[in-house]
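Worksheet: the structure to be examined is printed underneath.
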Amino acid sequence: MRRRVTMLYLAAALAAFFGAARIQPTLLRLRREHHLSPAEDPLENMPPLVVFTTVALGSFRGLLVDALWMRASRLQEEGKYFELVQLAGWITQLQPRFASIWAFHAWNMAYNVSVMLASPEDRWRWVRHGISLLRDDALRYNPGNPQIHRELAWLFSHKMGADMDQAHFHYKREWAREMTRVFGGGRPDFDRLIAAPPDPDALRAIPGVAELLAELEAAGIAPPYDRALDSDAVLAMLVARAETDAAARAALDYLRARRARRVYKLDPARMKEVDERYGPLDWRLPGAHAIYWAWRGLPSARNRFDRLSLDRAIFQSMADAFLRGRLAESPDLAAFALTPNLELYDRVHAAYEKALNDFPGDPTLPTAFANFLTDAVLLHYTYNLEARARAIYDELRARFPKEENAGGFEAFVVRIWREYARDLPSGQAAAFVESALYQSHFWAALGERERAAGFARMAALVWNRYMEERKNPEFRERTGLPPLEEMDRVARERVREMIEAARQRNAEIRSDPRRLIAPTP
Amino acid sequence: MSRALAIAGLSLRQAVRSRALAVLVILLFLCVTALPLTIRGDGTLSGQAQILLSYTLGFATLILTIAGVWAGCAAVSGEVRGRQIQLLVVKPIRPLEIWMGKWIGLMALNGLLLFLAGALVYGMLLWTTRPEALDADQRRRLREEILVARAVARPDESGLEEEARAALESERAAGRLPAEADPQSAYQTLLRLRRLHFYSVPPGGVGEWRIRLPAPPAPDRPIFLHFRFSKSAMDLEAIAGQWYFGSATEARLGTVGAWPPESPQTLPVPPAPFLGEREMRIAFANTDPSGATIFFSPDGGLEVLMRRGGFAANYARAGLLLFIQLAFLSAVGLAAGSLFSMPVAAFVSLSFVIVARAAPYIGAMAEQRRYFSDAPGAGLAATALDAALRVVFRMLRAALAPLRLPDALDLLAGGRWIPWSAVLSAAASHLALYGGLLALLCAAALRRRELGLPE
Amino acid sequence: MISSDSLLIEARDLVKVFRDFWGRPRVRAVEGLSFVVRRGEVFGLLGPNGSGKSTTIKLLLGLLHPTRGRLRVLDRSPRDIRVKARIGYLPEESYLYPFLTPEETLDFYGRLFGLRARERRRRTNDLLEMIGLVHARRRPVGDFSKGMARRVGLAQALINDPDLVILDEPTSGLDPIGCRQMKDLLLTLARRGKTVVLSSHLLADVEDVCDRVAILYNGRMQAEGPIATLLEEQHVTRLTLPPSTPPAAVAQILEAARAVLGGEPNVDHPRRDLEAFFLDVIAKARASAAGASGAAEGRAVARYLAENDPAKRSVEPPPDARERLRRLTTPSEPLPPPA
């Protein structure tokens, strides 16, 4: 009797196994078709911990995740943040395929926790925890996942790039400091980074490097020499020597490329591609990184939503870079101003064109494009590029034949100026004050004093009005403009550079008149 | 008693001579040393210290709990299975003595291992926070906020009841109290309203509270204000305001700033104005231009923390609390092992441990009204299921409530003072009362049980 | 009537039923057992495996509780702690702690009897000497052979100098020398006035040392009394003649005897050996058990027996098989070799 029952159970178990085996290939195929897993076998290429928990815990994983998540919420509620990084790590790694879980925890740390803390340093640490969770862990488990790329780009463009956070200047400054340490400035030398020795052995093979490395070791920096970039003195020494010494140059390139890849997960070749396609970008600013990460996610975007959201992350960051994508800084970034990067106009324009073409019928794109064109008209005009401004205006009028755009170029400019003078959006404020100051110095350089004074008055008027509305110290700290004198200094410097460049070009043309007809670089 | 001690000695001897103890010691050592290296803190040293206290010690306690419960289960059921107990109960020893002996043996083992783990963690803590690894600011923060035992004081609410009674009288006198209204519930409502009022600060207004300090202030006893508030607007924008601190006679502007709602905040309180006085006054002026009212949570939304004693003694008291918890849980294991045979006993007692550990979550679940019925398309069945689940959670919560002990590790990591009274009351309830009840229950069961039954 | 204070054990109509998880009776291990053990007696419980000997002993020790009937040990309930203080018990198998040494074992049990440290030390030394394990006093019992462990078990049974010693299968696992020593020890205990209850299925044990035996089968008492009485056969007389006596001489002697006595000659009361007696008792009990207590066996066992009963397996067993079966159930004759 009992044996019969046992046999029955065994037969049922066998049947279940057989059935599961029959279904498994179909399941795997469906998983592939719906891109639930990149690899053939979902457990392939997973870290041992994940494989272990998946196999050992089975469906109890879900329960464990629930318990951990509840603990995390409770601790967060009580303001005990010290465990959160670890708990977020466990929760996400127990369900490594759920992009939304990664996104949630990164967002939670970068947004919810950071704003609970008072000091900018503490906040910055939590923003970094959020970025690191996505960049270092989530992408390792879900390479190419569009959602994770989008979230990562968002943290750069919005959390760090926009001015919603009280400490956004701190984030920008700290990020710019880090990037300066890695790339030496806003414009990395991509080709050198790409060509940098791939490993310590290749580096050592370059003549003179061995001696240099010995020097580093004598200074207490052990292989693989990563700390060389952290020591101000050593870094300064390397940079100074790199001017003349090929070995120092190679070592510096090696260290920089290594850190970019290992720590920031930035691939110089891809950076170059992004910069050529969407740049020139200032890589010290978060916007460049937002574009980089959104672009990296594009090849895996499989539906319209993914493509559009990644595209939007790119062209919004570009439009933002157009408005304030140049970093005018004092040494060591103690004070800095973000000013317009007019060079980007064509690229941003092309990006919008492409998006309008790729996503016909999207309601938000035309508005965003019209806003961009409006800003572009005004900026080109105030930066004394009137012809260009008129051309853009014509395009705006042709494309958006609205009544308020129809009254002619001057009337349009005055209207927008008046609007902005009344209620200047924080995103445009710095650009317009700076562009007015630029005008003032430009005309002053040409001797047109009255015109110069007029622009200076306008800048002061807008600055005062804008700051008047920001009496609340916090609001002022967050969205306020740099002191007018500081902005004035930046504008003066920019005019001086422009005049210097024009002078040089004139001199070149004088010495070689053929240049007049050669295309400008 | 000497017979019980003989049994306890026997258990100790057995543990020392078995491989399990060595394995356990190695496991504890690994856990204490390796865990802090693999756990990611928040990147600060004080966070690292808190991880050491709450995680490492917590994990060590968890290992000890499981081992203790397991050993408890095996202590009696193992002897039943190996039939040594048959030779034991024919000797002139009472079942109660056997049980107590086993328990004392387990407690001694648990205590020893906990002491080892605790000493190891303490050493790691000293090493992690060695002065040369810290800058002055971190050192101060650790000394004042984490490696310290701070007592908590909350605003004096004693005037509220009188106010509520007076309000009730005036309502009644004015004839605004309906005849059918129950005076008691009206009083309760009024009291609740007074309390809400007491803790809220309207825009442009000032809230003021008196707090009786746990000890007279002194320069070496820094005082901290912990607060957490909600605001009447639905955003998370910070609220600007000014804190005043003072004695009964003199108040001074302390801190001007802006703080986000719904998040715990800490401010150092300058001790100068009320040195030597046991009572301090704090006041908050809501100067935020947004016009939002703020509301401090009545349960710990406004508290003053003050250094009460050193960390080492607090650590020792936390250790005692942990020990009491361990001893109680091994008694549970022992009881399960006296009533059931092995796999069942382990299952029962480990389930108990898990449920007891989940008490905070069960409490949270019992608060909730919906579990399934708020899902889209949920029908009547989901509603019924929710109602049933809610009853289960509430019953579980009620059953677990008397078993709750102060979370020693949480208090320790927060630098909070653990009073001796908490340790003593835990010992009285969990060791004397519950332990005694379990002992009597199991002794009765052992007496009734026929230990010579064939397999 | 014997005075009650000389009765160390008094069992009347003891019944022990083992029940299964659901409380249904599974086995009736002891069925209406009555006996007494007197002070200073060596009392043997005799029976084949499964006859209820161990159950009876566990009832005496309080390890099992009687389902019905009255049981007094030392004039109290066997579960009384004062009774336990005066009993020494040697279980059938080693129930000792394997991680303790003999010395620690004896010390531990000595503490349970509340003996003082010095007294424990003295008795431990004496007992280790007695069981001949002084050389192994510091080796863990778990490493011991069965015989050595049994000797430690015996020593622990005597640590409290008990009035009543209960031994379950005392010689099992012992070599012939060990058996002899055990029997000598039992006789020594008896000489010193201790009361001993032992159970065994080895008849030789009982025959040499017991004053009185009870023979159990199927949980019932089959025979009880002093060994000498039990083995006497009053209705048989045997005349032993030298082997060389010619048959004619035998006939002559018998004739003469009849003539002299006017009946059969009575020369002596012959004695059977205990084994023959035992087997006879069991055979009788088995024959009657088929009717009375057959239901005592569990259903599973009954089914197992039924399935394995050759008589039921084939419809018509061959005649010589039937003959073998008959002989199997009457063990007084030696079995012929199988065909």
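Only this structure's heavy atoms are used, side chains among them; waters, hydrogens and symmetry mates stay out. Below, read A as the first sequence line, B as the second, and so on, with proteins coming before strands; counting in each chain starts at 1.
Using a 4.5 Å heavy-atom threshold, the side chains of V16(B) and F99(C) count as separate. Taking the side chain as every heavy atom from C-beta outward, Q86(B) and E93(C) never approach each other to under 4.5 Å. Proximity of L88(B) to Y97(C): side-chain heavy atoms (C-beta onward) are separated by under 4.5 Å at one or more points.
Neither the backbone nor the side chain of I85(B) comes within less than 4.5 Å of any heavy atom of chain C. Interface remark: R94(B) contributes backbone and side-chain atoms alike to the contact with chain C (heavy atom separation under 4.5 Å).
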In sequence, state the C-alpha distance, the side-chain angles, and the governing distance for R83(B) and E92(C), and then conclude on side chain to side chain contact (heavy atoms under 4.5 Å, CB included).
CA-CA 11 Å; R83(B) 313 217 199 134; E92(C) 186 181 352; over 6 Å; no

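If you take CD on E450(B) and CZ on F18(C), they are separated by 7.5 Å, rounding to the nearest 0.5 Å. Taken from CG in L453(B) to CZ in R19(C), the straight-line distance is 12.0 Å, to the nearest 0.5 Å.
Between F113(C) and P92(B) the shortest heavy-atom distance is CE2-CD, 3.1 Å. The two residues Q84(B) and Y95(C) come nearest to each other via the heavy atoms CG-O, 3.2 Å.
Contact annotation for residues 79-88 of chain C against chain B (heavy-atom separation below 4.5 Å, listed by residue number): R79(C), I81(C), K84(C), A85(C). By a heavy-atom distance cut of under 4.5 Å, K58(C), L61(C), L63(C), L64(C), H65(C) are the residues of residues 48-65 of chain C near chain B, going up by number.
The residue among L100(C), L112(C), I166(C), N160(C) with the most heavy atom pairs within less than 4.5 Å of chain B is L112(C).
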